[in-house]
Each structure stands twice: as structure tokens, then as C-alpha cells.
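Take a look at the structure below.
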Number of protein chains: 2
Amino acid sequence: MATLGGLERSVMSLLWDGAESLSANEVRDRLGEDLAVTTVLTVLSRLERKDMVRRERSTRPHRYTAVASREEHTVEMLNEVLGTAGDREAVLARFIGGIPDSEAAALRRLLQK
Amino acid sequence: MATLGGLERSVMSLLWDGAESLSANEVRDRLGEDLAVTTVLTVLSRLERKDMVRRERSTRPHRYTAVASREEHTVEMLNEVLGTAGDREAVLARFIGGIPDSEAAALRRLLQK
DNA sequence: ACGTGATTACTACATCGTGTAGAAATCACG
DNA sequence: CGTGATTTCTACACGATGTAGTAATCACGT
């Protein structure tokens, strides 16, 4: 599973938001905080190990991209949570009991087709 | 939020499955592993601090119960995950795209009434 | 009221994940 | 081939978790 720390999450956000790949230095610059590049590289390596990030090693600054989109990743998380659920349907029942009407409507529409 | 370790999760499972409250010794006995009671007590205290468990202090072995049902807790987790989602509806759309037909049917039914 | 066995609280330590970065190795360009 | 940029390796602090010993506290029987 993939539980991220704060900095890891910030880095993923950058990779998710901009569609293009980023180098370690670019990541460091876009993070507000004043971090050493090595710090960013460490984080990126860990994210790579967690299969959250792919690294282009053939170029000279290596370039990093998110393996999955933020939405794909979120869906994975949802399924992970539901995997520990016991009774999936009971959980979903409760869940939709608590969502705003507008969203319920959207879901109904999605389930229609 | 509430991210649990392995032992913590095992203890919660016990409290979720049996509906009654348990003492530390009862918890230790029902966990397969051979743990010291103090270990179990520590875990239960931490779960109490995390608001996952309520402790009845007036009795002499103290008795412990889960604050929320497994399903309630799972729904909380789901909402937590969705909170980091960016575009909730996009995520739900993808999610629904991936569930088995039977479950989609169940959801449709639930959204009907 | 008191001792004693059961229960709980306090303290401690190892391990692991994460944030953080220096030092060393490696690369590519002039 | 040297040199600046980049990457790798190593290290350490800190918090969460698993694990348990020791000390404190409680309640019951006599």
C-alpha cells in the first residue's frame, strides 16, 4: 500500500498537477520550502521504490513523472480501504447515506449508462 | 486521522467482531500470538488516545469497546481518502467504473430510495 | 485493617518510515 | 581531461508502533 508522508505528498502533488515530467531541481524550486536537492532526490527515490513515480534515467537531469494520475491513485486507496472493510456493501450503503444530494445525483447518472 | 499498526488493527478486529466489551486479558487470550498483558494494555491505551476505543474505568478489569463500528470507521477512512482527492466526482466516476456489476446494482438500488 | 494476587500505569527500548542533508561518486561539456 | 552539475550513498533525528518489565494501585478474603 502507499501511505505517504507530508513531503512525499507535496512532491506527488507537483507531479500530478503539472502534466509534464520534472527534474529534481525543478521539484525543489516549486516546493515553497528551502530544501537541499539531495533531500528531494531522496524523496523521489523513495517514491520510485513505492511505484508512485517513474524515472527517466537516460537523460541527464533524470526526469520524474507520476505513475498514476491523482484520481487513479485515489481510487486505488479507496479500494484498499474497502478491502479491509468486512462487508463492502454495508460500507457503501453508509457511505452514500452521507454524501450530498448533488453527488448522489451524479452517482445515479454514472450508474445509469 | 487513524492509521493503525498491525497489532492495533488485530485488536480493533476483535472489538469489532464480538459485540461485547473485552478486558485486556480477554483480548490477549483471543489474539493468537503469545503477548504480555502489558503489551495489550499499551495498545489499548494508544487506541483510546486515538479515539478508536472507549474504556470503562469503573469496573475492575477495565472493559474496552470500539467507539465506532468497523463500517463506520471504514466510511470515515473513505471520506478521508476522498478529502485528498482533488476532484471527488472524477474519482467516484472512476471508482464506479471498476466495481463488479452486482455491486453497481446494489448501489443503484441504494440511490433509488 | 492488612496482605496478597490481579490489574493498571509508567518507563524503556528496538525497529521502521520519513524528513533532512553532507560527502562521495559519476557524468557530460568545453 | 578538468570542472561544475547531478546522482548515489550514508547518516542521523524524530515519531509511531510492537513489545515488555517494574512499579503503583486496587479489591477481596480473613
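Throughout, a chain's letter reflects where its sequence line sits, starting with A, and its residues are numbered from 1. From a predicted model like this one, the values you see are computed outputs, not experimental measurements.
Computed from coordinates, the B/Glu48 CD to C/dT8 P distance equals 12 Å when rounded to whole Å. One atom, CZ of A/Arg49, and another, P of C/dG19, lie 12 Å apart when rounded to the nearest Å. To the nearest angstrom, C1' of C/dT8 lies 14 Å from CZ of B/Arg28. Rounded to an integer number of Å, the gap from A/Glu8 CD to C/dG17 C1' is 8 Å. Rounding to whole angstrom units, CG of residue A/Leu35 and P of C/dG22 are separated by 11 Å. For the pair A/Met12 CE and C/dG19 P, the computed distance is 13 Å after rounding to whole Å. One can place CD of B/Glu56 at 15 Å from C1' of C/dT8, the figure rounded to the nearest angstrom.
If you check every strand for non-hydrogen atoms under 4.0 Å, B/Leu7 touches sugar and phosphate atoms only. Residue-level contact check: B/Thr42 touches the bases, meaning some heavy atom is under 4.0 Å from a base atom. Nucleic acid contact class of A/Arg55 (heavy atoms, under 4.0 Å, all strands): sugar-phosphate only.
When each of A/Thr59 and A/Val43 is assigned the nucleotide of DNA chain C bearing its nearest heavy atom, the one mapping closer to the 5' terminus is A/Val43. Between A/Arg57 and A/Arg46, the residue whose closest nucleotide on DNA chain D is further toward the 5' end is A/Arg57.
Closest approach to the B/Ala24 side chain among C/dA23, C/dT8, C/dT20 is made by C/dT8 (side chain taken as heavy atoms from C-beta onward).
Salt bridge status for A/Arg63 with A/Glu26: present, with a side-chain N to carboxylate O gap under 4.0 Å. Of the charged side-chain nitrogens involved, none lies within less than 4.0 Å of a carboxylate oxygen, so that B/Arg54 and B/Glu48 do not count as a salt-bridged pair. Ion pairing between a basic and an acidic side chain is recognised when a charged N comes within 4.0 Å of a carboxylate O; B/Glu103 and A/Arg88 show such pairing. A salt bridge links A/Glu72 to B/Arg94: at least one charged side-chain nitrogen sits closer than 4.0 Å to a carboxylate oxygen.
Mapping heavy-atom proximity under 4.0 Å, the span of DNA chain D touched by chain B runs 5' to 3' from D/dT17 to D/dA27.
A search for side chain to side chain donor-acceptor pair (under 3.5 Å) contacts involving A/Ser10 returns nothing, not counting sequence neighbours.
Side chains of A/Ser45 and A/Arg55: a donor on one and an acceptor on the other come within 3.5 Å.
Dashed line: the shortest gap from a side-chain N or O of B/Asn25 to OP1 or OP2 of C/dA6 is not under 4.0 Å.
In this structure C/dA12 sits in a base pair with D/dT19, meeting the Watson-Crick or G-U test at under 3.5 Å.
No N or O donor and acceptor, one from the side chain of B/Thr38 and one from the base of C/dA9, sit under 3.5 Å apart.
Here the side chains of A/Arg70 and A/Thr74 are in contact, with some heavy-atom distance below 4.5 Å.
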